[in-house]
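In what follows, residues are counted from 1 in the order of the sequence shown.
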Amino acid sequence: MNPEDFPTPDADVESIEPETLKDRIDAGEDVTLLDARMQSEYEEWHVDGETVESINVPYFEFLDDEVDDDVLDRIPADRQVSVICAKGGASEYVAGTLAELGYDVNHVVDGMNGWARIYEAVEVTGYDGAGTLLQYQRPSSGCLGYLLVDGGEAAVIDPLRAFTDRYLADAEERGAELVYALDTHIHADHISGVRALADRGVEGVIPGPAVDRGVTYADDLTTAADGDDFAVGDATIETVHTPGHTTGMTAYLVDDGLLATGDGLFIESVARPDLEEGDEGAPDAARMLYESLQDRVLTLPDDTLVGGAHFSDAAESAADGTYTASIGDLKRRMDALSMDEDAFVELVLSDMPPRPANYESIIATNLGQEVVDDEEAFTLELGPNNCAASQESLAGD
């Protein structure tokens, strides 16, 4: 049986929206989640948090006329339980079964797919350049993006295809026209929105060095060379080539206030170097990353903010709710940034997490070598990003 083809349960089942679940978690409420997906799907990614108790009991455990007592013993009966699945069908059935047994239960509408559609914009209040800078946050995958607005113009850095309409609407809401959509590199964990925005009249920008990886649509976009500037109102976005994570990895210095580092540097870790050339090419890429960090990033003023393209569960947000930190703060907290080259390379290669799910198809799509529709694109990028060099934070307190 397809887990999303269950009949509607006889019992009345309360439902909650994914955004409501996130609000409860953000507020520090105790949340008990029963995840009804298969164990392999659950282990790959699930909703987590300091106040979240997550329990995995696959939906098929509830298909018998009488649910096994061993199953019920795993589900708390002294508190409310929220059931979640992939798309919302199995969770409604499981929640209904539990409701009939007297449990205080609800189910999450649209399941993990709904969780993946949460996309929040938070103002970077520590940014001191011209205009207003927002950080987009996608909690399901840890993807981050940036919207700069000034003087009736706007630019988005590292947009996601799934949220193309959102960027245009957010710019319009702030009285601005979206003039640029810039990618920091060929992403391996999500489908880029640069081409989709270019189709809507926005100037799409990709790093010049990334074209050599086999980009098929480079002639249709602007290619950014090291040192190129893009004007947004009175603000300037400067291109800073920082190879390492990929050969085309490029950061964008937003009006000298924030360096959008893509996957070169995160607030809790540095980039993994194996997604372009594999394990064999990872040591050389790690050395390239070391040079980029030392020569191009850490030479900027200490008060320059850093904002990566991702955050992990190990990251702690700043006081304004954004995943940003100053270069000076990262120098102080992240030993990897003060190591010599050999020690840095050894550290980066020692604890890399599993590669992102479907990363080869995602890269091929972002190169233009494969074509997928919107639904396929959304499905490909479900799951964690895993673009950092370590699953644990490399930054201490």
With sequence neighbours excluded, what pairs up with [X] under the side-chain contact (heavy atoms from CB on, under 4.5 Å) test?
{"X": "Ser338", "result": "none"}
{"X": "Ala210", "result": "Ile186, Pro207"}
{"X": "Asp342", "result": "Arg287, Asp340"}

Only counting residues at least two apart or in another chain, list the ones meeting ring-ring contact (aromatic ring centres under 6.0 Å, His included) with [X].
{"X": "Tyr127", "result": "none"}
{"X": "Tyr136", "result": "Tyr119, Tyr167"}
{"X": "Tyr103", "result": "none"}

Are there more than 12 heavy atoms of other residues, nucleotides or ligands under 6.0 Å from atom [atom1] of [X]?
{"X": "Asp104", "atom1": "CG", "value": "yes"}
{"X": "Glu123", "atom1": "CD", "value": "yes"}
{"X": "Asp78", "atom1": "CG", "value": "yes"}

Tyr42 and His46 aromatic ring geometry - parallel, tilted or perpendicular at 30°/60° bounds: parallel
Close side-chain approach of [X] to [Y], heavy-atom, < 4.5 Å:
{"X": "Val83", "Y": "Asn106", "answer": "no"}
{"X": "Ile362", "Y": "Ile191", "answer": "yes"}
{"X": "Asp279", "Y": "Leu349", "answer": "no"}

Side chain to side chain donor-acceptor pair (under 3.5 Å) partners for Asp329, two or more places apart: Arg332, Arg333
Heavy-atom closest pair, residues Val149 and Ala176: CG1-CB, 3.7 Å
Ser141 and Glu381: side chain donor to acceptor below 3.5 Å: no
Side-chain donor-acceptor pair present, Thr222, Tyr180, cut-off under 3.5 Å: no
Pairs meeting criterion ring pair (Phe, Tyr, Trp, His ring centres under 6.0 Å) with involvement of residues 319-352, two or more places apart: Tyr290-Phe344, Phe311-Tyr323
Sequence neighbours excluded, every pair satisfying ring pair (Phe, Tyr, Trp, His ring centres under 6.0 Å) that has a member inside residues 269-289: none
Side-chain cluster (under 4.5 Å, hydrophobic types only) that Leu33 belongs to, other residues: Ile16, Leu21, Ile25, Val31, Trp45, Val47, Val52, Ile84, Val108, Met112, Trp115, Ile118, Phe378, Leu382
Side chain to side chain donor-acceptor pair (under 3.5 Å) partners of residues 359-377, not counting sequence neighbours, each pair once: Arg161-Asp374
Contact list for residues 22-31, test side chain to side chain donor-acceptor pair (under 3.5 Å), sequence neighbours left out: Lys22-Asp26, Lys22-Glu120, Arg24-Glu29
His245 and its side chain to side chain donor-acceptor pair (under 3.5 Å) partner, picked from Asp274, Asp263, Thr261: Asp263
Hydrophobic cluster identity match, Val232 and Leu168, side-chain contacts under 4.5 Å: no
